[in-house]
Amino acid sequence: MTADLSQIVKAYDVRGVVPDQWDESLAELFGAAFAKVTGADAIVTGHDMRPSSPGLSRAFARGAAALGVDVTEIGLCSTDQLYYASGALNLPGAMFTASHNPAQYNGIKMCRAGAAPVGQDTGLADIRALVEGWTETGAPEPVATPGTLTERDTLKDYAAHLRGLVDLTSIRPLKVVVDAGNGMGGHTVPTVFEGLPLTLVPMYFELDGTFPNHEANPLDPKNIVDLQKRVREEGADLGIAFDGDADRCFVVDESGDPVSPSAVTALVASRELARNGGKGTVIHNLITSWSVPEVVRENGGTPVRTRVGHSFIKEEMAKTGAIFGGEHSAHYYFKDFWNADTGMLAALHVLAALGGQDGPLSALVAQYDRYAGSGEINSTVDDQTSRLAAIKAKYADQEGITLDELDGLTVTAADWWFNVRASNTEPLLRLNVEARDEATMTRTRDEALAIIRA
């Protein structure tokens, strides 16, 4: 097909509508390009439950095999299960998923051996250039001896690896509601939780890439309403929601109240630091709560602040040898998981922390949730640059206020901070505000929004 690759090759992955923007013939070219750019003799592939995923994944495998590359196909899996396979087998990997996007979308998340990320600057631009060339000249010539396609099930090995990193054998019994959103959590949770002292109440575990119950994006409050209600009805200890490819997890407490990803980051950071003798670097992006670096320092660790986005986090993890990293978007990264993100491992840490003491989750996370936050507020603007300049002009010369431009613009005072970032893909500005109390947060938020939306 003739495709506009600028529309589907994003900063970190490939994503678009099937078959309008891309199809199996294009997937085959991506497989060949991935083989060329990685220079690998063998790769591993996996896919989610979307109707188009098996065909796209197999086409990609054919494209790689035609150039002599052996392909291990692990079939249905979560994204972090694919990262596990890439790490454990030390092979470059490709995961077919569009995460939480609507049913008509699909995409490819690619990594090098050991789950090292592939983004624009680390191979994705080269892959795109090869595919664009081949769409004009035809597919590359197959080699005389094609590679093999071998199916392999890694689910039990993935579960065993995760459970080897968190001890849940001696926790008190817990009742947990899990909303898989008809995504890959329905595939992984039963095996990972099997035999643990947990009473599992499953919601929407049927694998269905049309998402008949709600979008598989738990960061949108409307998509956790069913989970919150069920936790209260069941008298459960907590609820966990996974996104479509189950690499992110979102937690609600015993009352159904959301636990902020920053609080989960701080909680897991304290546990990972304890496992490492109170030493280690913890990465957090610049819009996680003030509580994250505070908790890291209190537990003997060194916090490192980064830009938003998994490629920056993974890069910094590798550079600093960090033991853990967390983002406001509920992505959690672990040194013991090849620096890759796994929502499942974060969920196990929350279960272990809760089950290792007698109080409710709300009391446990209160110590990690110290400030009032706005959450991310998006505003549609005609000119992102001029609005950012207006905010900078407003606060630039005010005493006691500092500005930095690590990622967008961060404005910090003694009692509050906010960050404004431009979206890469839409005419939006994203605002995050935090303050020492609710009234200050509200005032700061409204002041910033007035400038953004002027």
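Note: hydrogens, waters and symmetry copies are ignored here, and every other heavy atom, side chains too, is used. Here the structure is a predicted model, which is why all the values come from computation and not from measurement.
Side-chain rings of Tyr395 and Phe418 approach one another, their centers coming within less than 6.0 Å. Here the two rings, on His161 and Trp338, have centers that are under 6.0 Å apart. Aromatic pair His349/Phe324: centroids not less than 6.0 angstrom apart.
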Let me see the working for Phe60 and Phe30 under ring pair (Phe, Tyr, Trp, His ring centres under 6.0 Å), right down to the final yes or no.
CA-CA 6 Å; Phe60 184 96; Phe30 272 108; 7.7 Å; no
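A salt bridge links Asp243 to Arg248: one of the charged nitrogens lies within less than 4.0 Å of a carboxylate oxygen. Looking at Arg275 and Asp167, no side-chain N of the basic residue comes within less than 4.0 Å of a carboxylate O on the acidic one, giving no salt bridge. By the 4.0 Å N-to-carboxylate-O rule, Glu447 lies too far from Arg443 to be salt-bridged with it. Checked for salt-bridge contact, Glu234 and Lys175 meet the test: a charged N lies under 4.0 Å from a carboxylate O. Under the 4.0 Å criterion applied to side-chain N and carboxylate O atoms, Lys335 and Glu272 are not assigned as salt-bridge partners. Looking at Glu316 and Arg307, no side-chain N of the basic residue comes within less than 4.0 Å of a carboxylate O on the acidic one, giving no salt bridge. A salt bridge links Glu376 with Arg421: at least one charged nitrogen is closer than 4.0 Å to a carboxylate oxygen.
Residues that satisfy the salt bridge (Lys or Arg N to Asp or Glu O under 4.0 Å) test with Arg436, not counting sequence neighbours, are Asp415.
For the pair Lys314 and Tyr83, the distance from NZ or CZ to the six-membered ring centre is under 6.0 Å and the angle to the ring normal is within 45 degrees.
Remark: the His214 side chain and the Asp179 side chain contain an N/O donor-acceptor pair separated by less than 3.5 Å.
Here the side chains of Met184 and Leu76 are in contact, with some heavy-atom distance below 4.5 Å.
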